[in-house]
Trainee: 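Structure incoming, see below.
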Amino acid sequence: MPVVHHFEATVTWTGNQGAGTSTYRAYSRSHEISGSAKAAAIAGSSDPAFRGDKTRYSPEDLLIGALAACHMLWVLHLCAEAKITVVDYADTASGTMAINPDGSGQFSEVVLRPRITVLEAGRDADVVAINGKAHRLCFIARSVNFPVSHQPIVVVRQS
């Protein structure tokens, strides 16, 4: 039987500019995402295409970030198990979303592009294979209904 975990977040709208949602343009899309025992709230908004604040994270940004972070955490775990020392990891992930005529939309793909720096020469193929395994294990990637691909770049740190 699987082990079950529960997660919780609180989303608080902070965008009432005095008139509530009396009209589409009367309110800000600003909100905060917080959780019990978390160090800081996440400042959120909608994407600027939907009257949002570009300086805040949109739900779309957070979805891409969640996919990239989950993948990274699995890669780090699997590299540690394989005795591969990762000393740097950065992912410039991107996603594509299509908007339908009725205003609904969905992601069609997300591409992860991790750049992984390791100490061990000759383990590039192992790190690439680990990315494949990480993709199959990532909780978030397994939960979405669109393709998530990964294009890892492996760099060996020179001493």
Side-chain angles (χ1 to χ4, degrees), residues 2-12 14-15 28-99 105-159:
V3 175
V4 177
H5 296 269
H6 297 277
F7 299 90
E8 189 175 292
T10 300
V11 176
T12 305
T14 58
S28 164
R29 278 60 177 168
S30 295
H31 58 276
E32 290 186 347
I33 303 168
S34 60
S36 177
K38 304 298 187 218
I42 297 170
S45 185
S46 60
D47 186 83
F50 310 106
R51 300 191 49 77
D53 180 344
K54 69 180 180 181
T55 67
R56 292 172 164 254
Y57 289 97
S58 72
E60 297 82 7
D61 295 329
L62 295 171
L63 177 60
I64 293 168
L67 285 161
C70 185
H71 186 85
M72 177 195 70
L73 293 168
W74 272 110
V75 167
L76 297 176
H77 172 85
L78 295 169
C79 281
E81 283 186 341
K83 306 293 186 220
I84 298 171
T85 309
V86 176
V87 294
D88 192 41
Y89 186 111
D91 189 343
T92 306
S94 63
T96 303
M97 185 176 77
I99 304 297
Q106 63 281 327
F107 274 87
S108 58
E109 71 171 338
V110 166
V111 180
L112 307 178
R113 295 177 188 85
R115 180 180 173 88
I116 306 159
T117 304
V118 299
L119 293 182
E120 294 79 13
R123 301 289 308 267
D124 302 40
D126 295 332
V127 176
V128 170
I130 282 171
N131 273 264
K133 185 173 183 181
H135 174 71
R136 292 187 299 277
L137 292 170
C138 172
F139 312 140
I140 309 298
R142 293 172 54 87
S143 300
V144 299
N145 65 355
F146 52 84
V148 178
S149 62
H150 55 279
Q151 301 170 354
I153 296 172
V154 182
V155 176
V156 177
R157 186 169 83 183
Q158 303 300 318
S159 37

Trainee: Just do the side-chain contact (heavy atoms from CB on, under 4.5 Å) check on Val75 and Tyr89 with the steps written out, would you?
Mentor: CA-CA 10 Å; Val75 167; Tyr89 186 111; 3.9 Å; yes
Trainee: Tell me, please, which residues at least two apart from Asp91 pass salt bridge (charged side-chain N to carboxylate O under 4.0 Å, His left out).
Mentor: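 Scan of Asp91 (salt bridge (charged side-chain N to carboxylate O under 4.0 Å, His left out), adjacent residues dropped) gives none.
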Trainee: Minimum heavy-atom separation for Leu119 and Val156, please, with both atom names.
Mentor: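 So the two residues come closest at O-CG1, 3.8 Å.
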Trainee: With sequence neighbours excluded, give me every side-chain hydrogen bond (donor to acceptor under 3.5 Å, both in side chains) pair touching residues 134-153.
Mentor: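 Counting only pairs at least two positions apart or across chains, no side-chain hydrogen bond (donor to acceptor under 3.5 Å, both in side chains) contact touches residues 134-153.
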Trainee: Of all heavy-atom pairs between Cys138 and Leu67, which one has the smallest distance, and what is that distance?
Mentor: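 The pair with the smallest heavy-atom distance is SG-O, 4.4 Å.
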Trainee: Roughly how far apart are Cys79 SG and Ile116 CD1, rounded to 0.5 Å?
Mentor: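 It is 6.5 Å, given to the nearest 0.5 Å.
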Trainee: Might you work through the side-chain contact (heavy atoms from CB on, under 4.5 Å) test for Ile99 and Phe50, ending with a clear yes or no?
Mentor: CA-CA 11 Å; Ile99 304 297; Phe50 310 106; 3.9 Å; yes
Trainee: What pair of heavy atoms forms the shortest contact from Ser46 to Arg29, and how long is it?
Mentor: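 Result for this residue pair: OG-CG, 3.1 Å.
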Trainee: For Glu32 and Ser34, which I'm curious about, is there any donor-acceptor pair between the side chains at under 3.5 Å?
Mentor: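 No, no side-chain donor-acceptor contact under 3.5 Å.
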Trainee: Please check this pair: side chain of Glu120 against backbone of Thr85, looking for a donor-acceptor N/O pair closer than 3.5 Å.
Mentor: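 Yes: the side chain of Glu120 pairs with the backbone of Thr85.
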Trainee: Among pairs that include at least one residue of residues 73-82, which meet side-chain hydrogen bond (donor to acceptor under 3.5 Å, both in side chains), considering only residues two or more places apart or in two chains?
Mentor: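 Output for this query lists His77-Glu81.
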Trainee: For Arg123 and Ala82, indicate whether the former's side chain and the latter's backbone hold a donor-acceptor pair under 3.5 Å.
Mentor: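 Such a contact is found between Arg123 side chain and Ala82 backbone.
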Trainee: With distance as the sole test, does Ser45 use its side chain to make a donor-acceptor pair with the main-chain N or O of Asp53 at under 3.5 Å?
Mentor: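 Yes: the side chain of Ser45 pairs with the backbone of Asp53.
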Trainee: Tell me the closest heavy-atom pair linking Ile84 and Val118, and the distance in Å.
Mentor: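 Heavy atoms of Ile84 and Val118 come nearest at CG2-CG1, 3.7 Å.
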Trainee: Evaluate side-chain contact (heavy atoms from CB on, under 4.5 Å) for Val148 paired with Leu112, printing each intermediate quantity in order.
Mentor: CA-CA 7 Å; Val148 178; Leu112 307 178; 4.0 Å; yes
Trainee: Are any side-chain N or O atoms of Thr14 and backbone N or O atoms of Ser30, one a donor and one an acceptor, separated by less than 3.5 Å?
Mentor: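 Indeed, once roles are kept as given, a pair shorter than 3.5 Å links the two residues.
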